[in-house]
Amino acid sequence: MSLNAELQIPDHILKWVIEAVDPQAIVLSTNRLHGGISSIVHSIKLQVYHSEITVVLRQFDNTEWLVEEPDLTLHESESLRWAAKADIATPQIIAYDATGSQCGIPAVLLIYYLDRRPYTRGGQHLE
């Protein structure tokens with residue numbers, strides 16, 4: 001994969017992100033985040049009605065790790081749900097693509113952890 005390809009998020013993945021957050025969401029910007037050794041990580045700023053939120057898309061591209069732990073996205077999702085119940089600052093899980101059927105590779109979608117407001121879709125808190 002070229003560096004340019006890693007910087008851009010393909011349209012089909014952005015569509016998955018929008019559907020997971022809110023079908024009316026508009027992508028304002030995307031930014032590749034560096035430092036992850038096990039995944040490709042992007043921040044995505046969205047406008048949802050009159051608010052802006054930032055989500056994080058983490059795509060697991062380490063094939064050796066995925067062979068050892070094929071249900072990695074499920075484990076991460078459940079770990080974050082449990083951590084949130086402990087009332088500690090953690091990213092909030094929005095959605096995950098366990099098999100890569102939507103994103104091409106397994107991925108998780110999170111609310112950016114510094115955005116402490118609880119995420120709601122259509123007035124419903126995601127749990």
Side-chain angles (χ1 to χ4, degrees):
M1 182 180 293
S2 72
L3 178 60
N4 190 36
E6 287 183 7
L7 293 175
Q8 297 179 8
I9 303 172
D11 289 341
H12 72 280
I13 297 175
L14 287 175
K15 182 179 177 185
W16 177 78
V17 168
I18 289 168
E19 286 299 316
V21 172
D22 188 296
Q24 300 301 313
I26 298 168
V27 176
L28 299 176
S29 64
T30 64
N31 185 36
R32 171 75 192 269
L33 303 176
H34 297 281
I37 58 172
S38 63
S39 55
I40 301 168
V41 183
H42 287 90
S43 67
I44 305 167
K45 186 178 286 189
L46 300 168
Q47 180 178 336
V48 183
Y49 301 103
H50 299 292
S51 299
E52 288 184 11
I53 64 167
T54 301
V55 297
V56 174
L57 174 66
R58 185 172 177 203
Q59 297 174 276
F60 297 98
D61 65 340
N62 184 322
T63 53
E64 290 177 20
W65 191 12
L66 290 169
V67 167
E68 290 179 27
E69 193 173 350
D71 51 356
L72 177 63
T73 57
L74 178 60
H75 287 168
E76 180 153 335
S77 175
E78 288 305 308
S79 295
L80 290 171
R81 289 181 205 271
W82 278 100
K85 290 179 183 184
D87 198 31
I88 58 174
T90 59
Q92 182 183 355
I93 191 79
I94 298 172
Y96 63 92
D97 179 4
T99 64
S101 64
Q102 300 295 309
C103 297
I105 55 177
V108 293
L109 183 63
L110 317 161
I111 287 290
Y112 182 62
Y113 79 96
L114 292 180
D115 188 348
R116 305 273 171 126
R117 297 169 293 171
Y119 174 72
T120 60
R121 179 176 178 173
Q124 299 294 316
H125 182 68
L126 294 181
E127 293 263 16

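Computation of the quantities below employed the complete heavy-atom set of this structure, encompassing side-chain atoms and omitting hydrogens, waters and symmetry-equivalent molecules.
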Starting from the C-alpha separation in whole Å, work towards a yes-or-no answer on side-chain contact (heavy atoms from CB on, under 4.5 Å) for T54 and L46.
-> CA-CA 6 Å; T54 301; L46 300 168; over 6 Å; no
Please step through side-chain contact (heavy atoms from CB on, under 4.5 Å) for the pair I9 and V17, ending with a clear verdict.
-> CA-CA 10 Å; I9 303 172; V17 168; 5.9 Å; no
Test side-chain contact (heavy atoms from CB on, under 4.5 Å) applied to L80 and E76, step by step = CA-CA 6 Å; L80 290 171; E76 180 153 335; 4.1 Å; yes
Step-by-step side-chain contact (heavy atoms from CB on, under 4.5 Å) determination, I44 to L14 = CA-CA 9 Å; I44 305 167; L14 287 175; 4.2 Å; yes
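Of the inter-residue distances, the one linking I26 atom CD1 with Y49 atom OH reads 10.5 Å to the nearest 0.5 angstrom. Here the SG atom belonging to C103 is positioned 11.0 Å from the CZ atom belonging to F60, to the nearest 0.5 angstrom. Distance check, rounded to the nearest 0.5 Å: CD of Q92 to OG of S77 gives 10.5 Å. Atom CD in E19 sits 10.0 Å away from atom CD in Q102 (nearest 0.5 Å). For the atom pair CG of D22 and CD of Q47, the computed distance is 11.5 Å after rounding to the nearest 0.5 Å. How far CD1 of I93 is from CG of L74: 10.0 Å, rounded to the nearest 0.5 Å.
When all heavy atoms of V48 and A25 are compared, the pair lying nearest together is CG2-CB, 3.9 Å. Nearest heavy atoms, A107 versus L57: CB-CD1, 4.1 Å. Nearest heavy-atom pair across D97 and I105 is OD2-O, 4.1 Å. Contact record, Y96 with W16: C-CZ2, 3.7 Å, taken as the closest heavy-atom pair. The nearest pair of heavy atoms linking I94 to A20 is CG2-O, 3.7 Å.
A side-chain contact (heavy atoms from CB on, under 4.5 Å) with Q59 holds for exactly one of L109, I40, V108; it is I40.
No donor-acceptor pair under 3.5 Å is formed between the side chain of S39 and the backbone N or O of V41.
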